[in-house]
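To start, the structure itself, in structure tokens.
Counting from 1, the numbers follow the sequence of the chain as shown.
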Amino acid sequence: MASQQAADYRGSREEIVIVDLESEEAAVDDVDLPPATMQRQDSLYVAATRAAGANHHGQDSWARTLRLAFQCVGILYGDIGTSPLFVYSSTFRDGVGHPDDLLGALSLIIYSFLLFTVIKYVYIALRANDDGDGGTFALYTLISRHARVSLIPNQQVEDELVSKYNRDKPPATLQRAEWMKELLETNKTVKISLFLITMLATAMVISDAILTPAISVLSAVDGLKEKASFLTTDEIVWITVGILVVLFAIQRFGTDRVGYLFAPIILLWLLLIAGVGLYNLIKYDTGALRAFNMKYIIDYFRRNKKKGWVSLGGILLCFTGTEALFADLGYFSIKSIQLSFGFGLVPSVLLAYIGQAAYLRVHPEDVANTFYRSTPISLFWPTFILALAASIIGSQAMISCAFATISHSQTLGCFPRVKILHTSRQYSGQLYIPEVNYLLCLGACLVTIGFRTTVIIGEAHGICVVLVMIVTTLLLTIVMLLVWKISIWWIVAFFVVFMSSESIYLSAILYRFAHGAYVPVAMSAFLMVVMVVWHYVHVKKYNFELEHSVPRDKVKELLERRDIQRVPGIGLFYTELVQGIPPVFRHLIEKIPSIHSVLIFVSMKHLPIPSVDMSERFLFRQVDREDYKVFQCVARYGYRDPFEEAKDFVDKLVEHLQYYIRDVNLYGVGCEPMMKQSSSYRSSRAESFSSHEKTKVKAVYAEEMLTPAESFSEHARQASGKSKHFAQFQGDKMNIVEMLKIQQEQQAVLEEMSKGVVYIFGESEVVARPHSSLIKKIAVNYLYSFLRKNSRNGEKMLSIPRRQILKVGISYEI
């Protein structure tokens, strides 16, 4: 089916002459060049143009790479770098049974760290980025660009023409890519399963943002007992809670230039733990280096059997923070991360683990507080201060990751609307979400007070880490099959190695499910219910509006009613539909028979790409060309693009509407065979194009286009240049009357804008149908209704003044 659609798609292309009526120089030039052509997509909305040169990606200089490598030390490595604080205490909960168990555990730590963190994430997953963005949601959007897996039917062919879409269709020889694409697009079960596992990973990342600050800060503060033995566990817990409150309170100030501020601290921390590790290795037992021999892993499991398997739940804490590393890729380049990781983090962290193992070979009784006991007494206070600072920085990275993940999920209609603040004008990814920040703070404090020790929190922390890794493995495998052009045997090897090893770790952590792992599972289950219910109703509501959209002839009939009153100004009618007129419009006309002098149906649509260039943001279509100025507009955003303020948005929309009006008049007039005079949008796309099948040169009906801001005339001036054909047409058809008409229409829109802008929203109440199941009624009538009432309204998300808002109430039964 996919291949047949591709064949139909290729067969529907035609060459269209682009005629520029503005350039007067071409009329006097005798150079005969072939006319410029552009490819037309045979879709509901005919064509859109690309922004020239938008796909250019320059190579980073070494100076910039080194600068980024220094910055990412501060932002990415805080969580991974603080794992030596608690890994051994979480692994040997009941003490060290045999001296060689330390070598077995160290060998597991070394090779698990290298396998998952270095090989999987740094050298494989980072290459599966979505135009520079990482994380599970970025993998999902990358898949969405190559296969229609979205449950919301708002995809348009024009979206693939956006310059940053970067969709390279696999060659026909790669049958597996076509097979995977068809499976994802046609099998609804697979499509829903892919969505659900992405939601699971999202929920786990948010839960991890609660657990990471708790375990990191508590493990650092716990070192105070070494110098202040009179402190009780309760006092340590409340000190930790106080630090957590401060940590979350400063989130509102953002993390602008955070790399330059935090990098020196983390760099000092890594140098410190590396130096202490090397000191302990030399002083206590250089034999700890034997752990590089993997035979100690086999001996460890043979000697400890079930106990050794269960201890994997503590071992896996050595690679916590990898998801934050992957998710925060957008701030840095792959080369900078690989450089700083290989020459900075890896040797420092491995030396820390090796040094602690060497110390414990002599003092196994200190395993409960290995880190501070193995630190020389003279370095205690510098170590404590740096450990606390590094823990806060590592927690900061995970909190920022949660903010970014929620922002991405909200753009895909998978999370209730919350207030998202961009804390930096320079760095678009610096986000702060007040409501989520309060809940994360509350959750981290409750977890700290409830569990009180890092061992139990570590078990809860571990299940988040390993489940996100499993989901990442699944999504990476799909990316390899669908996008990457590599051997199938490499894909099989990747899946088998990582899925089997991660499943073993998952089984170990699930064995102690009742000891703490249930907490993130419960939190994630709650978050998944919220996201799934929100998205389910969102999809059902969109489908309902699509099925009940107002037909074109009905729109014309409504506009021609005698009792319709014209209201001065511009009306922006917000709707989620991109394919038609929403049913709430008919409801409005029937209740209040009046429309604005200029009415624009605006759809705010997010594409599965990080950002959309402003020149490609707006697509327009004219609904009626006779007496009423009624337009449709799709404003396209990437999942990292912030919404503009209401006034700025209107200014940009009207500016690009001016371009569209010019194109409609320039390319919608003329006679055979060059251009065909078009009447209005009442004729269907198929009928209008069939009338030109006998002509050698095809005509573009501008009023049938959703056309980007950058007009065709601007492209044509560069391409068609000075052909005789063009010059002759310009001399014959260009006249002052047509230019005055364009100017009058543009001026009319500006005059209406000066009279005021009103923002019209459909306030739809969604309820389940009477014959629906009990579960559906509970989900729609109660849970969704509660979420909608307690989330932000559309006008608040767009920062629209209340005095300019008009709401139209309507009820939908789904």
Side-chain angles (χ1 to χ4, degrees), residues 44-45 150-156 158-159 412-413 417 534-561 564 567 570-596 598-606 618-624 628-637 643 646 649-650 653 657 681-682 684 706 757-767 769 780 784 788 793-798 800 804-814:
L44 177 62
Y45 303 126
S150 176
L151 300 177
I152 305 175
N154 65 347
Q155 299 88 7
Q156 297 169 282
E158 288 81 5
D159 297 339
L412 297 179
R417 289 190 286 256
W534 185 268
H535 191 68
Y536 170 79
V537 178
H538 183 73
V539 172
K540 288 292 184 181
K541 177 186 172 186
Y542 190 95
N543 285 326
F544 180 91
E545 290 188 336
L546 186 60
E547 293 171 4
H548 296 82
S549 59
V550 185
R552 193 174 302 136
D553 55 348
K554 183 63 177 177
V555 172
K556 185 172 181 61
E557 181 182 327
L558 290 172
L559 294 176
E560 292 178 346
R561 284 175 48 172
I564 290 287
V567 180
I570 294 179
L572 299 184
F573 202 119
Y574 282 84
T575 173
E576 294 179 354
L577 280 184
V578 298
Q579 292 99 336
I581 306 300
V584 70
F585 174 67
R586 176 167 49 192
H587 182 70
L588 171 65
I589 296 299
E590 291 173 352
K591 300 299 180 183
I592 308 175
S594 63
I595 63 171
H596 288 80
V598 177
L599 181 63
I600 306 173
F601 293 93
V602 180
S603 300
M604 312 290 282
K605 177 181 177 180
H606 282 91
F618 296 100
L619 300 178
F620 286 97
R621 170 187 182 183
Q622 191 156 1
V623 178
D624 188 272
Y628 296 93
K629 293 181 175 62
V630 181
F631 304 90
Q632 280 184 276
C633 172
V634 179
R636 304 180 297 183
Y637 293 83
F643 287 135
F649 176 79
V650 172
L653 184 146
L657 179 59
Y681 201 81
R682 63 177 179 267
S684 68
L706 284 172
V757 178
V758 175
Y759 303 83
I760 307 170
F761 289 87
E763 190 76 2
S764 56
E765 179 185 5
V766 182
V767 296
R769 292 176 180 173
V780 177
Y784 175 79
R788 188 179 63 84
N793 297 324
E795 64 271 16
K796 290 184 179 179
M797 295 293 294
L798 302 173
I800 298 174
Q804 295 178 259
I805 296 173
L806 173 63
K807 291 187 178 182
V808 184
I810 191 171
S811 180
Y812 295 155
E813 287 188 356
I814 61 174

So, the side chain of [X] versus the backbone of [Y]: is there a donor-acceptor pair under 3.5 Å, distance only?
X	Y	answer
Q632	V623	no
S603	T575	yes
H548	F544	yes
H596	V567	no
H587	G809	yes

Side chain to side chain, [X] and [Y], heavy atoms closer than 4.5 Å:
X	Y	value
E765	I810	no
Y637	M604	yes
E557	R561	no
I570	V758	no
C633	F618	yes

Kindly indicate, with the supporting measurements, whether the criterion ring-ring contact (aromatic ring centres under 6.0 Å, His included) is fulfilled by F643 and F649. CA-CA 8 Å; F643 287 135; F649 176 79; 8.2 Å; no
Check step by step if side-chain contact (heavy atoms from CB on, under 4.5 Å) holds for I760 and Y574. CA-CA 6 Å; I760 307 170; Y574 282 84; over 6 Å; no
What's the verdict on side-chain contact (heavy atoms from CB on, under 4.5 Å) for H538 and E576, showing C-alpha distance, side-chain angles and the deciding distance? CA-CA 10 Å; H538 183 73; E576 294 179 354; 3.3 Å; yes
Assign the ring pair F573 / F585 to parallel, tilted or perpendicular, where the plane angle (0 to 90°) is split at 30° and 60°. perpendicular
Can you name the residues that form a ring pair (Phe, Tyr, Trp, His ring centres under 6.0 Å) with Y536, not counting sequence neighbours? none
Walk me through whether I581 and S549 qualify under side-chain contact (heavy atoms from CB on, under 4.5 Å). CA-CA 5 Å; I581 306 300; S549 59; 5.7 Å; no
Taking the six-membered ring for Trp, are Y784 and H535 closer than 6.0 Å centroid to centroid?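 Between Y784 and H535, the centre distance exceeds or equals 6.0 Å.
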Centroid-to-centroid, F620 to F631, below 6.0 Å? no
Interatomic spacing from CD in E763 to CG in L806 - rounded to 0.5 Å: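 Answer for the CD-CG pair, E763 versus L806, is 11.0 Å.
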Nearest-0.5 Å distance that lies between atom CD1 in I800 and atom OH in Y759: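 One gets 6.0 Å once the value is rounded to the nearest 0.5 Å.
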Determine the minimum heavy-atom distance between [X] and [Y], stating which atoms define it.
X	Y	value
V550	P583	CG2-CA, 4.1 Å
L572	L653	CD2-CD2, 4.5 Å
V584	G762	CG2-CA, 4.1 Å

With side-chain contact (heavy atoms from CB on, under 4.5 Å) as the criterion, how do V537 and I814 come out once you've worked through the C-alpha distance, each side chain's angles and the decisive distance to 0.1 Å? CA-CA 8 Å; V537 178; I814 61 174; 4.2 Å; yes
Do Y542 and E547 get their side chains close enough for a donor-acceptor pair, meaning under 3.5 Å?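 Distance-only check fails for Y542 and E547.
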Pick out which of I589, I595, L588, I564 makes a side chain to side chain contact (heavy atoms under 4.5 Å, CB included) with L558.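 Among I589, I595, L588, I564, the one that satisfies the side chain to side chain contact (heavy atoms under 4.5 Å, CB included) with L558 is I589.
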Which residue, K541, K540, E545, forms the side-chain hydrogen bond (donor to acceptor under 3.5 Å, both in side chains) with Y812? E545
